[in-house]
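Every heavy atom of this structure was used, including side-chain atoms; hydrogens, water molecules and symmetry mates were not.
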Amino acid sequence: MFKGRIRVYLEPILDKPPFIGAATIYFPEKPDLRLKFTGLTRLANPTMINTFVHKKILEAMGMLLIKPKALCIPLDLNYKTEELNYTRTMNIFRIYVLEAEGFRSEDFRTETLSSYVAISSAKQKARTSVANNSLNPTWHQAFEMAFNDIPEQEIEFRLFNDRLIKGELLGSCRISVKELKKHTNLDMWLPLDNVAPARLHIRSQRLRLVTDRAELRKVLVGNHMSRPIQMKEFSSALLSVHVSKGKDLKLPTGNRMPTTLTEIHVGKMREQTLYSPLCIQTPDPVWKETFSFLMKDPRMEKVELVVKDNYHGSLGSISVPISRLLEARNLTITDWYELCPSEHRGAILVKLELWILVPPNGETQKAKVPSSQQPQCKDVNKRRAGPRLLVKRKLISTHYKPRRFPTAATGATEEPEQRRESNGPATFKGQLIRAARLICRACTPRR
């Protein structure tokens, strides 16, 4: 059984047939997949097979249809789907996790609250260091995140209490990418659910994408200076690789037509095109796919493209140093590249674009969280830091003066309510009450 929500966007609107430029299809969240095996598969371990097949199917769908991935189908043959920015990354943010406040001493003990923040969105994850023994923890750390233009993307912040084996979840909050895109500098407090009135202080920067090579040196120096606050090393440039098509692709042996795809390698990152009807058993495949890569220092990097046949394997590869892009006009190169090794195996058309990531200038804007994004603060499932001894008030003698406790908000002392209890009757219940009073008197320190 297969169950899930799927979204279809039809845009842009054109003034001539077919009136729609492209259809964009994707799943907003992972679909629910349930498998039922029949026949000989019942003889094997059904749990093991189910888990393995379920994982592989979702991985294949995640490469194509699960957010942040999307499938763009051009309905107009002259329309370029890369103009929608659904398949390539063009929004780069630096998220600063600054501090948290609002944890009450009645719910947590200072010596037992050592917290950290985990940040996640789609396949991007990071976490701060641990702020030990504090009801008002501070981190002042930053993380870099990249997004395309697919709607309804969010960043989730989860606050954990550090434990020996597994962290205990204290609360969480979310912020939409659409809200972050409205501001270049944004400073805001996000309320944490289930731990009211606690809240998290974050700041975001939307980086500018420029094609001025002179900015690269300034960016590298700035990234080096801010290294102590970085959860992961900041990037200085964004590389876009558009694999368009191939021509005269040949297998080393035989006369069979190749069925090809292209793998792109940049450092430890790897992406690949998909098999489509336009690249099956043809020497002139058409891929038209775009991929984006964040780079630490483009002067030291290179991009490698490997063309593979579905059955034979590698047909050849090309390697382009990114330093060549820094010398090109507008940091862009569009060219046909012959596949290596030396014998003629064909060529592929590739467009390489480079942008320098420049932090924004200007004042930071403070904003309130929209009501639609504020979590509902519920005082449920709270776990106290440790057990506390509670004594029923009716067992406390009138001569016992209870201690005064400071309130969390004002720091003033609070006078607990005192109630007088008359002596109970000469019954077994009355004897228990008198015995409890004697124990309270003996345990109470004399002043």
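Taken to the nearest 0.5 Å, the CG atom of L357 stands 11.0 Å off from the CZ atom of F234. Taking CG from L169 and CG from N161, the interatomic distance works out to 10.5 Å, rounded to the nearest 0.5 Å. The distance from the CD atom of Q153 to the OG atom of S176 is 10.5 Å, given to the nearest 0.5 Å. S319 OG to H265 NE2: the interatomic distance, rounded to the nearest 0.5 Å, is 11.0 Å. Residue E168 holds its CD atom at 11.0 Å from CG of D162, rounded to the nearest 0.5 Å. Separating the OG1 atom in T211 from the CZ atom in R213 is a distance of 8.5 Å, to the nearest 0.5 Å.
Heavy-atom neighbours of K181 NZ from other residues, nucleotides or ligands within 6.0 Å: above the threshold of 12. With a 6.0 Å radius and a threshold of 12 heavy atoms from other residues, nucleotides or ligands, K245 has its NZ atom at or below the threshold. Counting heavy atoms of neighbouring residues, nucleotides and ligands inside a 6.0 Å radius, atom CZ of R7 exceeds 12 of them.
Of the candidates L349, L261, L305, V286, L305 is the only one forming a side-chain contact (heavy atoms from CB on, under 4.5 Å) with V243.
Judged purely by atom type and a 3.5 angstrom limit, T273 uses its side chain to pair as donor or acceptor with the backbone of T262. Checked by atom type and distance alone, the side chain of Q141 pairs as donor or acceptor with a backbone atom of S129 at under 3.5 Å. Not a single donor-acceptor pair under 3.5 Å links the side chain of N132 to the backbone N or O of S114. T184 contributes no side-chain N or O that, together with a main-chain N or O of R206, makes up a donor-acceptor pair within less than 3.5 Å. Remark: the backbone N or O of S235 is paired with a side-chain donor or acceptor of E144 at under 3.5 angstrom. A donor-acceptor pair is defined here as one N or O able to donate and one able to accept, closer than 3.5 Å; such a pair exists between the side chain of T332 and the backbone of N330.
The shortest side-chain heavy-atom distance between M300 and I322 does not fall under the 4.5 Å cut-off. Side-chain contact between L352 and V241 is present, with heavy atoms from C-beta onward closer than 4.5 Å. When side chains are defined from C-beta on, H183 does not count as touching S204, because their heavy atoms never get closer than 4.5 Å. Using a 4.5 Å heavy-atom threshold, the side chains of P137 and Y116 count as separate.
Here R227 pairs with Q230, E233 under the side-chain contact (heavy atoms from CB on, under 4.5 Å) rule; sequence neighbours left out. Applying the side-chain hydrogen bond (donor to acceptor under 3.5 Å, both in side chains) criterion to S236, with sequence neighbours excluded, gives no partner residue. By the side-chain contact (heavy atoms from CB on, under 4.5 Å) test, S121 is found to be paired with M145, F147, I155, residues two or more places apart in sequence or in another chain being considered.
A salt bridge links D309 with R256; the closest basic N to acidic carboxylate O contact falls under 4.0 Å.
Classified by interplanar angle (parallel below 30°, tilted 30° to 60°, perpendicular above 60°), the ring pair Y9/Y26 is parallel.
At a cut-off of 3.5 Å, with distance as the only test, a side-chain donor of R270 or Q272 sits close to an acceptor on the other residue.
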Practice task
Any chance you could lay out the salt bridge (charged side-chain N to carboxylate O under 4.0 Å, His left out) test for D284 and K247, step after step, and finish with the verdict?
Solution key: CA-CA 4 Å; D284 303 319; K247 67 177 181 180; over 6 Å; no

